[in-house]
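First up is the structure itself, then whatever we jot down about it.
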Amino acid sequence: MAKRSLHASQAGIQQAKKSFSRKGWTQEFLAYEVNQKTRQPIWRFFSGRPIERHTFMEICDILDLNWREIAENPPAEISELFDQSQSKVWAINHLVQEVRSRRFDKIQDQCGTLQLLDISRPVKIDDIYIDVNILEEIPSLQWLEIADMQSFTPEEFDRVGLGAVSQKQIPGINAAETYSKLRVLGKPGSGKSTFLQHLAIECNQGKFAANHVPIFITLRDFADEARAVNDFSLLNYIDAQFLTSESSSPSAIETLLHEGRILLLLDGLDEVLKQDSNAVFKEVRRFAEKYQNNLFVVSCRTAAKNINLKGFTDVEIAAFTQEQIEIFAQKWFTTLTQKNAEDGNEQALQFIEKLDLPENRLLRTLVVTPLFLHLACGVFHRQSKFPTKRTEFYKQCLDILLFRWDEARGIERDEIYPGFLLPQKLRLLRHIAAATFEGGNYFFDQRTIVEYISDFICNLSNAPTEPEELQQDSEVVLKAIELQHGLLTERVRGIFSFSYLAFQEYFMARKILASHNLQALEQRLENLVCHITEPR
């Protein structure tokens with residue numbers, strides 16, 4: 001009978017350490033690769049201490065070593081059952097590497113480039129990607145009293161829910177290594193899709209989940225095709241993808257799924273149309289439960305966090321730190337202006353210096369997401385300065401959130417409300433800004449903002465006359481504006497604000513200019529004079 005544990009010889013330890021060093025991994029990562037919850041078995045392996053034999057063999061297999069050459073006094077014979085078990089493991093490992101090899105070019109082509117807004121050529125993800133940080137506690141699930149939040153100054157406004165309440169941040173890759181079922185939440189343009197593409201490339205190149213096969217699926221594409229053939233089956237969709245690229249047979253994919261060797265990246269849970277949403281959500285839940293031993297990462301806007309995914313851990317992408325902004329700027333000005341590294345770094349340094357000037361405070365609070373930071377870099381590159389009229393930059397940001405961001409990616413959203421088009425949305429946002437900003441309120445509870453929306457939509461054609469129905473419609477409008485455009489956001493439970501203070505001030509200014517008669521305009525100008533000494 002073979003021993004139930006094995007330990008490495010001194011010569012075997014040295015050989016294993018050399019292989020481990022060539023991989024460039026940490027002990028935590030190796031533990032993750034062999035499905036161990038802690039690195040203790042790895043430490044024991046490299047210390048020559050006994051560990052369970054199948055774990056010993058898996059470690060050797062991952063390190064491309066012959067376990068018999070590494071073990072101290074390896075057993076001369078192994079039971080037939082154990083031999084069959086190990087043969088199966090080696091066969092699965094071989095299948096994984098074979099499918100990975102066939103899929104390599106497909107994943108690099110699918111996930112290795114980005115099509116950035118207003119950039120006419122694709123950009124390699126490695127040339128622009130910045131490692132994101134993750135909040136393990138979702139800010140909007142915190143409990144705070146609105147009275148406490150009203151005491152925040154304008155300088156503290158944009159840190160509420162992002163850092164004013166102490167939040168521990170971890171690198172995004174660490175979260176993906178820690179949780180086998182992960183849902184990544186974030187604001188529009190925060191880098192959710194890019195993070196999933198980055199994970200696919202890291203897996204493809206053997207730097208993350210090296211014993212898994214990466215599969216990247218855009219859920220809106222899945223929904224469109226599933227609706228066309230009336231078959232909301234992720235397995236059939238994956239099989240079709242693999243057959244098209246001649247990567248492998250359906251039986252091989254099912255084998256890998258049953259063995260837990262797939263890294264499934266599902267992008268854009270919030271982008272599925274309402275008519276398809278129930279079928280898609282149900283299929284994602286069913287698939288994750290049926291093939292629970294695989295690795296799953298799903299992306300979704302924070303506003304759609306109420307979509308329940310059983311067994312998934314929710315995290316949220318954090319706003320860029322100062323260091324991340326600086327690194328992004330260096331990459332942007334080197335890559336997208338096609339300058340050499342020295343000239344690119346010089347322009348990036350000028351960009352950061354101008355961004356940190358006091359007069360650019362509100363601009364600085366906007367560029368904490370990749371989307372707005374990319375826009376700011378583009379503006380600065382063309383003019384070697386920021387616009388004198390900040391409102392032009394704010395207007396560009398709003399245009400992106402209201403329609404250009406979805407339009408550029410071919411995303412169709414559900415209609416918020418019959419007849420509720422872009423002009424009505426802008427008028428509503430001006431209405432809310434005026435009602436809140438004039439009172440000095442940066443934050444407002446859900447009941448208050450629903451009342452503002454009700455006041456507005458009751459004057460629209462086909463508006464409901466029953467108070468209860470009007471309130472329900474107003475709540476739908478609030479949720480849709482938060483989800484689709486990200487202009488209003490739930491900072492903590494039940495308490496909302498504009499996503500950025502600059503937007504609240506901008507819409508307030510637009511409200512003043514929208515006065516349709518001289519008397520109303522004079523009244524608003526008088527109100528402005530009363531507050532002329534206040535920075536806001």
* To do: State whether E98 and R102 are salt-bridged, where the test is any N-O pair (Lys NZ or Arg NE/NH1/NH2 against Asp/Glu carboxylate O) under 4.0 Å.
  => yes

* Is the closest side-chain heavy-atom distance between L295 and L265 below 4.5 Å? -> no

* Structure fact -> So OG of S193 and NE2 of H198: to nearest 0.5 Å the spacing works out to 14.5 Å

* Distance from R68 atom CZ to N73 atom CG, nearest 0.5 Å? -> 12.5 Å

* Asked: To the nearest 0.5 Å, how far apart are CG in D314 and CG in N308?
  -> 9.0 Å

* Structure fact -> One should read off an interatomic distance between Q241 CD and L234 CG, to the nearest 0.5 angstrom, of 10.0 Å

* Asked: Are any side-chain N or O atoms of S47 and backbone N or O atoms of R44, one a donor and one an acceptor, separated by less than 3.5 Å?
  -> no

* Just by distance, with hydrogens left out, do D267 and S299 show a side-chain donor and acceptor under 3.5 Å apart? -> yes

* To do: Only counting residues at least two apart or in another chain, list the ones meeting side chain to side chain donor-acceptor pair (under 3.5 Å) with E490.
  => K305

* **Closest non-hydrogen atom pair, H212 against L263** => CB-N, 4.1 Å

* Within 6.0 Å of CD in E323, more than 12 heavy atoms from elsewhere -> no

* **Heavy-atom check, side chain of I107 versus side chain of P214, under 4.5 Å** => yes

* Structure fact -> On a heavy-atom basis, the closest approach of P370 and F328 is O-CZ, 4.0 Å

* Roughly how far apart are K23 NZ and D64 CG, rounded to 0.5 Å? -> 4.0 Å

* Test item: E316 side-chain N/O and E137 main-chain N/O as donor-acceptor pair under 3.5 Å -> no

* **Distance-only donor-acceptor check, side chains S497 and R491, under 3.5 Å** => yes

* Structure fact -> Heavy atoms of A376 and V367 approach each other most closely as CB-CG1, 3.6 Å

* To do: Mind checking the CD-NZ spacing from Q292 to K310? Nearest 0.5 Å is all I need.
  => 10.0 Å

* Structure fact -> Between L483 and R301 the two heavy atoms that sit nearest each other are O-NH1, 2.7 Å

* Side-chain donor/acceptor of D270 to backbone N/O of C300, under 3.5 Å -> no

* **Sub-6.0 Å ring centroid separation between Y129 and F195** => no

* Check whether any side-chain heavy atom of W332 lies under 4.5 Å from a side-chain heavy atom of H374, and answer yes or no. => yes

* Sidechain-backbone polar pair: S5 side chain, E52 backbone, donor-acceptor under 3.5 Å -> no

* Asked: Among all residues two or more places apart in sequence or in another chain, which pass the side-chain contact (heavy atoms from CB on, under 4.5 Å) test with K331?
  -> I128, I130

* side chain to side chain donor-acceptor pair (under 3.5 Å) between Q322 and E326, worked out -> CA-CA 6 Å; Q322 179 68 22; E326 292 173 4; 3.1 Å; yes

* Asked: Under the side-chain contact (heavy atoms from CB on, under 4.5 Å) criterion, do R285 and I307 qualify, and how do the steps go?
  -> CA-CA 11 Å; R285 295 186 191 107; I307 300 172; 4.2 Å; yes

* Asked: Quick one: salt bridge (Lys or Arg N to Asp or Glu O under 4.0 Å) partners of D118, sequence neighbours excluded?
  -> R404

* side-chain contact (heavy atoms from CB on, under 4.5 Å) evaluation trace for L199 with F208 -> CA-CA 7 Å; L199 290 180; F208 166 68; 4.2 Å; yes

* **S21 side chain vs K18 backbone, donor-acceptor pair below 3.5 Å** => no

* Asked: Does F56 have its ring centroid less than 6.0 Å away from the ring centroid of F45?
  -> yes

* **Test item: F443 and V492 side chains (from C-beta on) under 4.5 Å apart, heavy atoms** => no

* To do: Looking only at non-hydrogen atoms, find the nearest pair between Q36 and P41 and report the distance.
  => OE1-CG, 3.4 Å

* Asked: Can you find a heavy atom in the side chain of V123 that is under 4.5 Å from one in the side chain of L336?
  -> yes

* Asked: Is there a side-chain contact between N133 and I170, using heavy atoms and a 4.5 Å cut-off?
  -> no

* Salt-bridge present (E283, R286; N to O < 4.0 Å) -> yes

* Asked: Okay, side chain of R49, backbone of H7: is any donor-acceptor separation there less than 3.5 Å?
  -> no

* To do: Please identify each residue that fulfils side-chain contact (heavy atoms from CB on, under 4.5 Å) with Q15, with sequence neighbours left out.
  => L65, E69, I70

* Asked: Which is it for Y500 and F372 under the ring-ring contact (aromatic ring centres under 6.0 Å, His included) test, yes or no, and what are the steps along the way?
  -> CA-CA 12 Å; Y500 299 93; F372 288 158; 5.8 Å; yes

* Asked: Hey, does the side chain of S499 reach the backbone of G486 with a donor-acceptor pair shorter than 3.5 angstrom?
  -> yes

* Asked: Between F20 and F46, does a side-chain contact (heavy atoms from CB on, under 4.5 Å) hold up when you go through it step by step?
  -> CA-CA 10 Å; F20 180 66; F46 284 115; 3.7 Å; yes

* Asked: Are side-chain heavy atoms of L235 and L257 found at a separation under 4.5 Å?
  -> yes

* For the residue pair Q14 and Q10, confirm or rule out a side-chain donor-acceptor distance under 3.5 Å. => no

* Return yes if some donor-acceptor pair links the side-chain N/O of K192 with the main-chain N/O of G268 below 3.5 Å, else return no. => no

* Test side chain to side chain donor-acceptor pair (under 3.5 Å) on E259 and N293 and set out the steps. => CA-CA 7 Å; E259 293 297 327; N293 293 327; over 6 Å; no

* Under the ring-ring contact (aromatic ring centres under 6.0 Å, His included) criterion, do F296 and Y291 qualify, and how do the steps go? -> CA-CA 10 Å; F296 297 87; Y291 303 110; 8.3 Å; no

* **Any donor-acceptor pair under 3.5 Å from E28 side chain to R39 backbone** => no

Return all side-chain donor-acceptor pairs below 3.5 angstrom for residues 219-227, not counting sequence neighbours, or 'none' if the list is empty.
{"residue": "R220", "atom": "NH1", "partner": "E271", "partner atom": "OE1", "Å": "2.5"}
{"residue": "R220", "atom": "NH2", "partner": "R409", "partner atom": "O", "Å": "3.0"}
{"residue": "D224", "atom": "OD1", "partner": "R227", "partner atom": "NH2", "Å": "2.9"}
{"residue": "R227", "atom": "NE", "partner": "D276", "partner atom": "OD1", "Å": "3.1"}
{"residue": "R227", "atom": "NE", "partner": "D276", "partner atom": "OD2", "Å": "3.0"}
{"residue": "R227", "atom": "NH2", "partner": "D276", "partner atom": "OD2", "Å": "2.7"}

* To do: For the pair S101 (side chain) and Q97 (backbone), establish whether a donor and an acceptor sit closer than 3.5 Å, ignoring hydrogens and angles.
  => no

* Asked: What pairs with E202 under salt bridge (Lys or Arg N to Asp or Glu O under 4.0 Å), at least two apart in sequence or on another chain?
  -> none

* Structure fact -> Between G206 and W25 the two heavy atoms that sit nearest each other are O-NE1, 3.9 Å

* For side-chain contact (heavy atoms from CB on, under 4.5 Å), just list the numbers for F312 and L182, CA-CA rounded to whole Å, side-chain angles, deciding distance to a tenth of an Å, and then say yes or no. => CA-CA 5 Å; F312 279 73; L182 185 70; 5.6 Å; no

* State, yes or no, whether a side-chain contact exists between L366 and L375 at a heavy-atom distance under 4.5 Å. => no

